[in-house]
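Below you'll find the structure, written out as structure tokens, and then a few comments.
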Amino acid sequence: MKLVVLGSPGVGKGTYTQELVQKYGLLHISSGDLFRENLKNETELGIRAKSFMDAGQLVPDEVTIGMVKERLSRDDANDNFILDGFPRTIVQAEALGIVTPLDLVINFKADREVIIGRLSGRIICRKSGHIYHLKNIKPQREGICDIDGSELYQRDDDKPEAIEKRLVVYEEQTSPLIDFYKEKGILREITVNEDFGTHKEEIMNRIYKVIEGK
Ligand code: AMP
């Protein structure tokens with residue numbers, strides 16, 4: 001299955017994706033995680049991306065497309081992956097369409113105040129980017145990832161100044177993808193306003209139903 005998850009920053013894409021990866025054995029390809037890994041390793045790509053990420057802006061298409069294409073060309077990508085955070089522009093979506101056809105695109109939706117609450121309380125782990133929330137998805141030990149034991153931290157771009165910018169960028173540059181995939185007949189929409197910590201089963205069942213009904 002070749003799946004793309006769309007939706008505003010903070011809608012919960014990464015959290016639902018972590019579950020989908022386990023249930024369906026998909027490879028998780030997150031462009032944001034790839035950029036953060038490059039930043040951590042101080043690669044040339046990471047250095048190029050840094051100023052855009054810090055400002056809550058999109059990294060230029062040619063850099064992003066090159067990075068994701070390279071990831072998709074590795075052996076483990078084959079026909080079973082979930083793309084999270086890519087594409088984010090029409091140019092990226094068109095480039096992806098040339099590389100591979102998709103089976104399904106899910107657009108996640110939530111109310112604005114829910115999204116802001118999710119972004120401002122989000123903490124992720126240093127090692128692999130596993131996602132938690134200060135109130136809604138607490139780790140077993142404070143400040144430590146349940147999965148790999150690494151430190152949890154707040155992303156710089158989850159601070160209030162950058163959040164506002166990222167939401168504007170999403171509206172302007174990424175939301176046109178909804179119509180792009182609607183026209184291709186492969187888009188499904190799911191609204192999730194409930195807290196994941198207390199409604200996990202209900203939320204995931206809603207998502208499984210859409211995937212399995214496809
Ligand atoms: P994310 O973890 O998906 O919220 O991404 C964090 C940051 O990485 C974004 O705010 C962008 O600066 C950059 N980024 C991630 N994915 C893309 C993309 N598909 N196109 C351009 N920039 C991206």
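Both counts, for ligands and for their atoms, begin at 1 and track the order of listing. Starting from 1, each residue takes its place in the sequence as its number.
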Should D76 and R71 count as an ion pair when the cut-off is N to O under 4.0 Å? yes
Output every pair passing salt bridge (Lys or Arg N to Asp or Glu O under 4.0 Å) with a member in residues 22-32, not counting sequence neighbours, ordered by first then second residue. none
If we only count N/O pairs under 3.5 Å, is D33 in contact with ligand 1? no
Can you report which non-hydrogen protein atom sits closest to atom 20 (N) of ligand 1, along with the distance? Q92 NE2, 2.9 Å
Is the NZ or CZ atom of K13 positioned over Y16's six-membered ring, under 6.0 angstrom from the centre and within 45° of the axis? no
Within ligand 1, which atoms have a heavy atom of R36 less than 4.0 Å away? 2 (O), 6 (C)
shortest atom 16 (N) of ligand 1-to-protein heavy-atom contact is with S31 OG, 2.8 Å
Check whether the side chains of Y24 and E212 place a donor and an acceptor atom closer than 3.5 Å, and report yes or no. yes
Quick check: does R122 get an N/O under 3.5 Å from an N/O on ligand 1? no
What are the atoms of ligand 1, with element, lying closer than 4.0 Å to any heavy atom of R155? 1 (P), 2 (O), 4 (O), 5 (O), 6 (C)
Within ligand 1, which atoms have a heavy atom of Q57 less than 4.0 Å away? 11 (C), 12 (O)
How does L58 reach ligand 1, by side chain, by backbone, by both or by neither, if only non-hydrogen atoms under 4.0 Å count? both
At what distance is the nearest protein heavy atom to atom 23 (C) of ligand 1, and which residue and atom is it? F35 CE1, 3.6 Å
Around atom 15 (C) of ligand 1, find the nearest protein heavy atom and jot down its residue, atom name and distance. R88 NH1, 3.4 Å
Side chain, backbone, both or neither: which part of D84 comes within less than 4.0 Å of ligand 1 when only heavy atoms are counted? neither
Note: D157-K165 ion pair, threshold 4.0 Å (strictly below): no
Could you tell me whether R206 and E202 have a side-chain N and a carboxylate O separated by less than 4.0 Å? yes
With a 4.0 Å cut-off on N to O distance, would you call E19 and K200 a salt bridge? yes
With a 4.0 Å cut-off, would you call E70 and R74 a salt bridge? yes
Test your reading of the structure: does V59 have an N or O sitting under 3.5 Å from an N or O of ligand 1? yes
